[in-house]
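Everything quoted here is computed from the prediction, not taken from an experiment. Just the heavy atoms: all of them, side chains too, but no hydrogens, waters or symmetry mates, feed the values below.
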Amino acid sequence: MRITNKIIQRNNLSNINTNKIYQDKLSTQMSTQKKINRPSDDPVIAIRALRLRSNVNEVTQYYSKNIPDAESWLSVTEAGLKNLSQIMTNMIAQCTKGSNGPLKTSDRQIILEELRGLGNEVYSTGDADYAGRYVFTGFRTDTSLSFMKEEKDLKYTITEQLDNTAIDSVTKVQTGNLLDINSSNFNDPNFNGTDMTAISEDDVDAVECYRIRLAYNDCLDDVTNIKIEYTDSSQNPPVKVTWPGNGVTITMKHSYDDPYSDVAVSEDDPPAVAQAKADAVIYVPETGELLLGKNRYAELMATKDQDNSPENEGEIRVTYEKSDWMKGDLRPEHYFYCTSEADDPTNPGVKKTITYNENYLDVKAERQNIEYDVGFNQTIQVNSTADECFQHNVGREVDDIVNAMQDVLDLESTKAKIEEILKSFDTENEGAANQNDIDILNKQLKAVDKALTYAKDKEQKLFEKGISTFQKHLDDANLCITDCGTRSRKLALIKNRMENQKTTFDTLKSDNEDVDITEVAINLNSAELTYNAALMATGKVTQSTLLNFI
């Protein structure tokens with residue numbers, strides 16, 4: 001084969017170009033620190049890189065975003081629950097202090113104010129939020145647990161799903177007109193139509209009746225919209241019973257002059273009627289109570305769940321309405337099946353009906369658990385729902401105790417007034433008129449002492465009941481704290497595993513894609529030397545031609 005100068009030049013140029021391509025490849029690797037610049041450079045590395053990058057991105061999402069977000073949510077939840085636990089502990093301490101012995105008026109006032117403050121703080125704690133999302137309200141993270149301001153004419157129709165454990169007995173101390181006594185009317189035979197001089201121990205009584213205490217007081221005073229439903233399990237098959245109906249009438253009776261006081265205004269007082277009439281069902285909207293006669297009480301106490309049925313035959317449903325809400329009242333949509341009427345923003349002046357928790361009427365209703373993806377095919381619950389810890393019974397129990405204490409304070413104040421009036425008389429030189437007034441006052445004083453005996457006994461029992469009630473709520477709060485702590489520890493283990501997996505995948509990804517800088521630098525330097533040598537050799541070869549030898 002004849003080799004010409006042209007062939008030599010072409011071969012040299014081709015080899016120089018090949019060396020230049022190799023040098024460019026090394027230079028690109030040096031600058032990008034990657035083995036390949038396009039998939040065609042090495043399809044095996046490219047495919048493996050896609051898989052490893054997908055794994056790294058997923059682990060990074062878990063480790064750098066989801067897990068820290070879940071940790072923060074759990075931290076806020078745990079802080080709120082610990083605060084609730086401390087409040088419950090303080091409530092138990094106040095009830096224990098109140099039940100340990102006779103209380104002075106000043107001591108009773110301190111306990112009363114302390115319990116009021118603690119009762120208000122309970123639901124404020126439930127409004128804890130994380131990054132603008134309320135942590136105890138299930139899926140409704142944009143809605144606070146309680147009303148943040150007073151709401152008027154916002155009507156809810158609420159259905160509470162109870163059982164016979166919600167029925168208890170309540171004592172009402174009837175004091176007649178005792179609390180109206182003062183220095184100007186104690187001997188008035190016609191004070192507002194009442195003969196104050198006739199007040200005696202006979203006017204004082206303690207009435208005990210059965211009740212269902214609803215979740216709210218100050219309910220809508222419309223008896224046509226209150227309904228009680230239960231299952232009569234004594235029938236075969238069990239029969240659904242609805243009151244009013246089936247021979248039962250629900251009667252609405254308004255409470256006392258002061259809806260938070262035990263002062264009875266007449267013999268037509270709701271507790272007295274419920275005690276006297278065995279078939280009575282009385283709705284008291286101001287206090288949010290259903291008072292039951294003994295026959296109705298027996299009917300509801302007979303309800304029980306049947307083991308061979310998917311339905312809960314022991315359930316007692318009470319439906320009622322409430323339209324006026326105070327700041328701090330718990331929003332019913334977080335607890336019950338309910339409907340509300342609100343202004344329709346698209347149709348001014350028109351009300352629209354919103355239904356909440358319709359599946360609560362189904363025994364298969366599920367909790368609103370918020371779960372985060374924190375690992376490959378692994379989730380963790382980050383929230384605790386309000387019905388697990390922030391329950392209506394806490395505030396309602398505090399109301400009962402505070403009202404009972406206030407009744408004792410009012411009676412003690414009345415007693416102090418009567419004793420002060422007695423001191424004003426000249427006992428050494430009293431006339432017949434003065435002696436008559438003293439006799440009236442002494443008779444009234446005995447009536448107050450009797451009322452105080454009843455009121456203090458009621459107060460003592462409520463303190464004792466409060467200890468066990470708040471202890472149960474404390475146990476619920478501690479259980480939620482334990483569950484939250486367990487989830488936090490589980491999350492910490494997952495975080496450690498994700499950290500290890502992230503390190504492993506990062507290493508594999510680097511080994512697959514990244515170049516060895518030292519090796520590339522050596523190869524690049526070698527390629528440059530080779531390229532320069534090739535240029536020199538080519539230059540010498542191309543300088544000599546056949547003409548140089550002719």
> Would you say Asn66's side chain and Asp373's backbone share a donor-acceptor pair under 3.5 angstrom?
yes

> Test Asn217 against Thr287 for side-chain hydrogen bond (donor to acceptor under 3.5 Å, both in side chains), laying out the working first.
CA-CA 5 Å; Asn217 56 16; Thr287 61; over 6 Å; no

> Would Arg497 and Gln378 satisfy side-chain hydrogen bond (donor to acceptor under 3.5 Å, both in side chains), going step by step from the backbone distance to the final call?
CA-CA 12 Å; Arg497 186 168 69 252; Gln378 193 165 20; 2.5 Å; yes

> Supply the atom-to-atom distance Gln471 CD to Cys95 SG, rounded to the nearest 0.5 angstrom.
11.0 Å

> Is the side chain of Ser72 donor-acceptor paired with the backbone N or O of Pro68 at a distance under 3.5 Å, no angle test?
yes

> Run the side-chain hydrogen bond (donor to acceptor under 3.5 Å, both in side chains) check on Asn90 and Gln94 step by step: do they pass?
CA-CA 6 Å; Asn90 291 341; Gln94 294 301 321; over 6 Å; no

> Are any of the side-chain heavy atoms of Val374 and Thr379 separated by less than 4.5 Å?
no

> Output yes when a side-chain donor or acceptor of Asn383 lies under 3.5 Å from a complementary backbone atom of Ile370, and no otherwise.
yes

> Please check this pair: side chain of Asp329 against backbone of Phe147, looking for a donor-acceptor N/O pair closer than 3.5 Å.
no

> Quick check: do Met88 and His473 have side-chain heavy atoms less than 4.5 Å from each other?
yes

> Under the 3.5 angstrom rule, does the side chain of Trp73 hit a backbone N or O of Tyr130 as a donor-acceptor pair?
no

> Can you pull out every salt bridge (Lys or Arg N to Asp or Glu O under 4.0 Å) where at least one residue sits in residues 48-65? Sequence neighbours excluded, please.
Arg53-Glu513

> If you draw the axis of the six-membered ring of Tyr531, does the NZ or CZ of Lys20 fall within 45° of it and under 6.0 Å from the ring centre?
yes

> Which heavy atom of Thr242 sits nearest a heavy atom of Glu229, and at what distance?
OG1-CG, 3.9 Å

> Can Asp506 and Lys502 be counted as an ion pair, charged N to O under 4.0 angstrom?
yes

> Please lay out, stage by stage, how Lys327 and Glu150 fare under the test salt bridge (Lys or Arg N to Asp or Glu O under 4.0 Å).
CA-CA 5 Å; Lys327 179 181 178 181; Glu150 186 177 287; over 6 Å; no

> Going by an N to O cut-off under 4.0 Å, is there a salt bridge joining Glu397 and Arg213?
yes

> Using only atom types and a distance under 3.5 Å, with no angle test, would you say the side chain of Asn512 pairs donor to acceptor with the backbone of Leu508?
no

> Going through the checks in order, is the ring pair (Phe, Tyr, Trp, His ring centres under 6.0 Å) test met by His392 and Phe336?
CA-CA 11 Å; His392 290 80; Phe336 310 113; 5.2 Å; yes

> I'd like to know if Asp514 pairs up with Lys509 as an ion pair, taking the criterion as any Lys NZ or Arg NE/NH1/NH2 lying under 4.0 Å from an Asp or Glu carboxylate oxygen.
no

> Quick check: closest heavy atoms across Pro39 and Ala46, and the distance to 0.1 Å?
CA-CB, 3.8 Å

> Are the side chains of Leu361 and Gln161 in touch, meaning some heavy atoms are under 4.5 Å apart?
yes

> So His334 and Leu145, do their side chains get closer than 4.5 Å, heavy atoms only?
yes

> Determine, using ring centers only, whether Phe136 and Phe390 are less than 6.0 Å apart.
yes

> To the closest 0.5 Å, what do you measure between CG (Asp222) and NZ (Lys322)?
14.5 Å

> For the residue pair Arg140 and Tyr134, would you count it as a cation-pi contact if the rule is NZ or CZ under 6.0 angstrom from the ring centre and within 45 degrees of the ring axis?
no

> Supply the atom-to-atom distance Leu479 CG to Leu81 CG, rounded to the nearest 0.5 angstrom.
10.0 Å

> I want to check something: taking the side chain as every heavy atom from C-beta on, are Val122 and Leu84 in contact at a cut-off of under 4.5 Å?
yes

> Let's go through Ser75 and Glu78 carefully: what are the C-alpha distance in whole Å and the side-chain angles of both, what is the deciding distance for side-chain hydrogen bond (donor to acceptor under 3.5 Å, both in side chains) to 0.1 Å, and is it a yes or a no?
CA-CA 5 Å; Ser75 178; Glu78 187 172 5; over 6 Å; no

> Rounded to the nearest 0.5 Å, what's the gap from CD1 on Ile522 to CG on Asp516? Could you check?
8.0 Å

> Can you check whether Thr355's main-chain N or O pairs, donor with acceptor, with Tyr337's side chain at less than 3.5 Å?
no

> I'd like to know if the side chain of Glu321 reaches the main chain of Lys155, judged simply by a donor and an acceptor atom lying under 3.5 Å from each other, with no hydrogens or angles considered.
no

> If you measure from OG on Ser85 to CD1 on Ile481, what distance do you get to the nearest 0.5 Å?
4.5 Å

> Establish, yes or no, whether a centroid distance under 6.0 Å links the rings of Phe376 and Tyr62.
yes

> Do the side chains of Glu315 and Arg317 get close enough for a salt bridge, i.e. N-O under 4.0 angstrom?
yes

> Hey, is Lys472 close enough to Asp476 for a salt bridge, meaning N to O under 4.0 Å?
yes

> Taking Thr159's backbone N and O only, do any of them form a donor-acceptor pair with Lys227's side chain (distance below 3.5 Å, no angle check)?
no

> Does Asp163 come within less than 4.0 Å of Lys304, counting only side-chain N to carboxylate O?
no

> What residues form a side chain to side chain contact (heavy atoms under 4.5 Å, CB included) with Ile110, not counting sequence neighbours?
none

> Considering all heavy atoms of both residues, which atom of Ala386 and which atom of Tyr335 are nearest to each other, and what is their separation?
CB-OH, 3.4 Å

> Does a salt bridge link Glu499 with Lys495, judged by any charged N lying under 4.0 Å from a carboxylate O?
no

> Under a 3.5 Å distance rule, please check whether Arg133 uses its side chain to pair with a backbone N or O of Asp142 as donor and acceptor.
no

> Quick one: are Leu115 and Ile401 in side-chain contact, heavy atoms under 4.5 Å?
yes

> Passes side chain to side chain contact (heavy atoms under 4.5 Å, CB included), Arg116 versus Gln406? Steps please.
CA-CA 11 Å; Arg116 275 179 176 164; Gln406 188 62 57; 3.6 Å; yes

> Hey, could you give me the CD1/OG1 distance between Ile316 and Thr303, rounded to the nearest 0.5 Å?
4.0 Å

> Any non-hydrogen side-chain atom of Val241 less than 4.5 Å from a side-chain atom of Thr231?
no

> With heavy-atom distances below 4.5 Å as the criterion, would you say the side chains of Thr137 and Thr143 are in contact?
no

> Around atom NZ of Lys465, are there more than 12 heavy atoms from other residues, nucleotides or ligands closer than 6.0 Å?
yes

> With side chain to side chain contact (heavy atoms under 4.5 Å, CB included) as the test, pick out the partner of Tyr372 among Asp69, Leu491, Ile67.
Asp69

> Return the minimal non-hydrogen interatomic distance between Thr77 and Val135, and the atom names on each side.
OG1-CB, 3.9 Å

> Taking all non-hydrogen atoms of both residues, which atom of Cys219 and which atom of Leu214 are closest, and how far apart?
SG-CD1, 4.5 Å

> For the pair Tyr156 and Tyr356, name the ring-plane relationship: parallel under 30°, tilted 30 to 60°, perpendicular over 60°.
parallel

> Please report the C-alpha distance between Val394 and Tyr123 in whole Å, then the side-chain angles of each, then the deciding distance to 0.1 Å, and finally whether the side chain to side chain contact (heavy atoms under 4.5 Å, CB included) criterion is met.
CA-CA 9 Å; Val394 178; Tyr123 302 135; 3.9 Å; yes

